[in-house]
Structure formats: C-alpha cells, structure tokens
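To start, the structure itself, in structure tokens.
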Amino acid sequence: MPQHFEEHHDIGFYASELCITTTYLSRVVRQVSGGRTVVDYINQMLLMEATFLLRQTSMSITQISDQLHFAEVTTFARFFNRMKGMNPREFRKGK
C-alpha cells in the first residue's frame with residue numbers, strides 16, 4: 001500500500017491488487033488492527049504525506065492536492081481540516 005496510496009484512495013484497488021474481495025480485506029484489517037478500517041489506514045497515509053509536503057516543501061496547496069490525487073483542492077482542504085482540525089494554509093503557517 002505505501003507505494004500506491006497517493007494515487008488510489010479506494011479499497012477496491014487494494015483488494016484487487018491482493019486478489020481478494022473488499023469485504024474480506026476489510027474484515028481481515030479490522031481483525032488484525034483492533035477495529036481500524038482500510039480507509040483509516042489510507043487516510044492516515046494521506047495525512048502524513050500532506051503534513052510532510054506542507055511543512056517540508058514549497059509546493060502550493062493546489063500542487064499538493066494534485067500530487068495526492070484529490071479531485072479538487074477544496075476536497076483536499078476539507079479532508080485535511082477533518083483530519084487535522086485546521087485548513088492546510090493554517091497548518092503551514094504553524095497556527
């Protein structure tokens with residue numbers, strides 16, 4: 001998963017790569033992780049990469065959104081705000 005999380009945010013891709021159903025993948029991940037979901041893992045990877053790019057690069061928020069394959073920069077901003085409790089611009093400024 002670490003090599004694909006930027007491009008693929010959907011469970012179906014990972015299940016297909018493993019030649020299993022999405023239901024089975026979800027069940028196994030929940031069992032071995034104490035209840036966390038595949039989406040939790042994907043979102044955590046996206047958030048870690050987004051926070052790194054915001055802090056360690058001069059890429060614009062739009063460029064980061066594009067690199068992480070969000071359909072729109074507003075979708076990325078909503079995702080980041082939901083996960084981090086602030087928008088990407090506030091995070092970058094250190095608020």
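If you read the sequence from its start, that first residue is 1, and numbering goes on from there. Small disclaimer: the values here were computed from a predicted structure and weren't measured.
- For Gln67, the side-chain contact (heavy atoms from CB on, under 4.5 Å) partners at least two apart in sequence or on another chain are Glu6, Glu49, Leu53, Met59.
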Set out, in order, the CA-CA distance, both residues' side-chain angles and the distance that settles side-chain contact (heavy atoms from CB on, under 4.5 Å) for Asn43 and Leu47, then state yes or no. CA-CA 6 Å; Asn43 287 344; Leu47 182 63; over 6 Å; no

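- Shown here are the side chain to side chain donor-acceptor pair (under 3.5 Å) partners of Thr37, two or more places apart in sequence or in another chain: Asp40.
- Counting non-hydrogen atoms of other residues, nucleotides and ligands closer than 6.0 Å to CD of Glu72 gives a total of 12 or fewer.
- Listed for the Arg92 side chain is no donor-acceptor partner under 3.5 Å among the backbone atoms of Ser60.
- Applying the ring-ring contact (aromatic ring centres under 6.0 Å, His included) rule to Phe70 yields the partners His9, Phe76, Phe79; only residues at least two apart in sequence or on another chain are considered.
- Scored by the side-chain contact (heavy atoms from CB on, under 4.5 Å) test, Ser58 finds no partners at all (sequence neighbours excluded).
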Sequence neighbours left out, cut at 3.5 Å: what donor-acceptor pairs do the side chains of residues 19-34 make with other protein atoms?
unit_1: Thr21; atom_1: OG1; unit_2: Tyr24; atom_2: N; d: 3.0
unit_1: Ser26; atom_1: OG; unit_2: Thr22; atom_2: O; d: 3.0
unit_1: Arg30; atom_1: NH1; unit_2: Gly35; atom_2: O; d: 3.4
unit_1: Ser33; atom_1: OG; unit_2: Val29; atom_2: O; d: 2.6
unit_1: Ser33; atom_1: OG; unit_2: Arg36; atom_2: N; d: 3.0
unit_1: Ser33; atom_1: OG; unit_2: Arg36; atom_2: O; d: 3.1

Report the C-alpha distance between Phe80 and Ile61 in whole Å, list the side-chain angles of each, state the deciding distance to 0.1 Å, and finish with yes or no for side-chain contact (heavy atoms from CB on, under 4.5 Å). CA-CA 11 Å; Phe80 194 88; Ile61 293 169; over 6 Å; no

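- In this structure, CG on Asn81 lies 12.5 Å from OG1 on Thr74, to the nearest 0.5 angstrom.
- Applying the side-chain contact (heavy atoms from CB on, under 4.5 Å) criterion to Phe52, with sequence neighbours excluded, gives Gln56.
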